[in-house]
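Convention: sequence-line order gives letters A, B, ...; per-chain numbering from 1. All figures in this text were calculated on a predicted structure; none of them were measured in a lab.
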Amino acid sequence: MYTGTNASSRWFSYIGLGIGVLLLLCSVQMFINIQQLLKEGSIRKDGFDFVSITKNITNETMGQPEKNLFHADEIEAVKKQPFIAEVSPLLANDFRVQLSAGNVLPFSTDMFLEALDNDFIDTLPPNFTWKEGEQHIPIILSSDFFEIYNIFAPGQGLPQLSKETAMGIPVQIACYGRDNALTFSGRIVAFSDRVNSVLVPKNFLQWANKTFSQKDRQDASRLFLKLKDVNDPQLIRYLDAQHYVINRDKTLLGRNKIVLQGIFSGLGIFGLLVVILALMLFSFYLQLVVARSRQNLELLLTLGYSPAWLGKNVSNQFVPVYIFIVLTALICTQLMQWAFHRFIMFNRPELSSLINWIVLLLAGVLVLMAIVTNARLVKKLLYRLG
Amino acid sequence: MKLEIKNLLPVYFEEERKSTSEIWGKERSFSNGDLVNIVAPSGTGKTSLIHFLYKMRESYSGSILYDGQPLSQFSKEAIAALRKDHVSIILQDMRLFEEQTILENLEIKRQLNPYHPQERIIEMAKRLGVDHRLNALAKNCSYGEQQRAVIIRALLQPFGVLLMDEPFSHLDHANAQKAIDLILEETAGRKALVLFAELEKATGFPATHLYHL
């Protein structure tokens with residue numbers, strides 16, 4: 001039917017279609033890669049993001065602790081925001097605390113203690129409880145703090161410790177009030193990656209604050225937030241407006257994610273446009289084919305050939321071409337993903353060397369879309385002839 | 001198959017044509033076995049009539065019915081089925097695939113709905129004296145040879161109606177008679193209706209009905 005007529009326009013549309021499909025598939029795969037990388041990168045519990053916020057301490061508010069604390073009404077206001085799932089104030093000690101390792105290690109330091117609702121703790125062992133009258137206090141220590149200890153320990157003549165050993169060492173917690181003091185024995189029961197603090201059970205700290213400090217302090221210096229999405233632009237705008245400071249690392253990650261996803265969304269949309277453009281070019285080519293074979297097609301219709309059958313025959317000739325193009329693009333995407341995983345991401349376990357099933361599905365949908373639009377066009381052209 | 005025409009007139013003809021014609025503006029009904037000869041001098045709408053009956057053009061008023069079904073209501077697919085199984089045609093302007101051989105042209109038609117085996121093509125070509133041209137490209141054949149190929153092509157399918165528009169215009173008298181004999185033989189086998197439009201009254205065609213257009 002098409003005896004070498006206008007082969008160049010056909011090849012242009014094939015190549016255009018191939019490039020468009022490749023761009024689209026690669027963008028979707030990269031989009032998925034970013035999702036997977038950043039999902040694994042942030043600390044999530046039950047699909048939520050946890051961050052702590054403080055007030056921004058400026059030259060004007062320095063030395064005025066009441067201005068740098070969250071008051072009850074402010075905490076209520078934060079709770080009301082729709083993008084914040086839950087809020088827990090970090091309660092701090094309002095008395096002097098000294099920590100020592102007793103006779104085991106010649107180590108003693110002034111310390112602070114904080115308490116948080118149990119829901120917000122990522123590594124909560126069952127023995128993290130305290131009852132009034134108990135001498136023993138469980139402690140959850142920030143992994144970061146523990147790391148810092150191991151860095152300065154050799155310089156201080158102290159031994160470096162593994163987490164297991166540290167959990168076995170009993171510590172003395174001395175609490176000093178204005179006219180009373182008590183020493184408790186403590187033990188590290190867990191390490192937390194999420195909370196940068198020294199955590200004790202909340203009821204203990206409430207009791208201790210009442211016992212050692214006459215003031216009944218309710219305000220919190222830090223708020224711990226449970227968020228549906230740390231990258232929610234609404235959240236970032238709200239915090240900026242209130243002059244609250246959020247954990248930098250996490251928003252940086254979030255901001256990077258937004259930029260990267262933006263880039264790949266843009267690339268994906270561009271790929272989709274190229275696909276549409278190529279399909280249009282292809283439809284022009286088909287119209288040309290039909291126009292050039294008009295006489296022959298008309299004669300076939302005159303002889304009694306059915307337009308549906310003829311249309312199917314004409315468009316079926318392009319099915320292997322479409323399958324070949326999309327398959328080639330799929331193989332290129334697979335190669336790209338393999339190289340990305342192997343050479344750029346150094347086989348990180350969050351990613352797979354194989355392309356995602358969504359990309360495979362998309363490739364299938366593209367083939368189907370090309371075939372259907374093609375068949376409809378040819379049928380329409382033939383009906384116009386007959 | 002029953003073919004009826006009711007009050008038919010090309011839209012580009014004046015109403016007065018109805019009074020002088022035995023077809024235009026009249027009600028006519030033809031059925032199986034009828035051999036209808038329509039005599040039509042140039043310009044009386046002979047080719048228009050054949051094209052209307054084959055739904056190649058629809059620029060007419062009135063109606064055409066096949067077995068009681070108005071032709072205007074046939075879908076594109078129904079028309080294809082009608083042409084494949086029930087109505088065959090010999091067109092004045094022949095219409096062959098010029099880049100194909102005569103045999104290929106005939107096979108394209110035969111394979112659509114094989115009524116005869118391939119050997120029958122050769123037999124019919126022999127009877128009409130074109131068997132030696134079967135492997136020649138259509139464009140290299142004379143009008144006479146092309147016309148005989150078109151006649152054979154029309155006879156390769158099953159049909160209840162055969163429409164013929166000046167089918168022997170490029171044939172001498174002897175060859176025309178051979179063609180008429182073959183057509184009559186084939187239509188008799190199918191008990192088909194033949195509608196034969198010619199400039200003058202056809203000699204050698206045993207018409208059962210004769211109309212002046």
Heavy-atom count check: over 12 atoms from other residues, nucleotides or ligands less than 6.0 Å from [X] [atom1]?
X: B:K178; atom1: NZ; result: yes
X: B:K2; atom1: NZ; result: no
X: A:F12; atom1: CZ; result: no
X: A:R342; atom1: CZ; result: no
X: B:R28; atom1: CZ; result: yes
X: A:Q295; atom1: CD; result: no
X: B:Q177; atom1: CD; result: yes

Nearest 0.5 Å, what's the [atom1]-[atom2] distance between [X] and [Y]?
X: B:K76; Y: A:K379; atom1: NZ; atom2: NZ; answer: 12.5 Å
X: B:K109; Y: A:T302; atom1: NZ; atom2: OG1; answer: 9.5 Å
X: A:N296; Y: B:E98; atom1: CG; atom2: CD; answer: 9.0 Å
X: A:W309; Y: B:L112; atom1: CH2; atom2: CG; answer: 8.0 Å

Over all heavy atoms of both residues, which pair between [X] and [Y] is shortest? Give the atoms and the distance, please.
X: A:L303; Y: B:F97; value: CD1-CE1, 4.1 Å
X: A:L301; Y: B:R83; value: O-NH1, 3.1 Å
X: A:A308; Y: B:E77; value: N-OE2, 2.8 Å
X: A:S306; Y: B:A80; value: CA-CB, 3.6 Å

**Request:** Output yes when a side-chain donor or acceptor of B:K84 lies under 3.5 Å from a complementary backbone atom of A:G304, and no otherwise.
**Result:**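 Pair absent, no side-chain N/O of B:K84 close to backbone of A:G304.
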**Asked** chain A: which of B:E99, B:R153, B:M56 shares the most heavy-atom pairs with it under 4.5 Å?
**Response**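 Heavy-atom pair counts peak at B:R153.
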**Message:** Taking side chain as everything from C-beta outward and backbone as N, CA, C, O, which of these in B:I108 sits under 4.5 Å from a heavy atom of chain A? Side chain, backbone, both or neither.
**Reply:**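 Answer is both: backbone and side chain atoms of B:I108 are under 4.5 Å from chain A.
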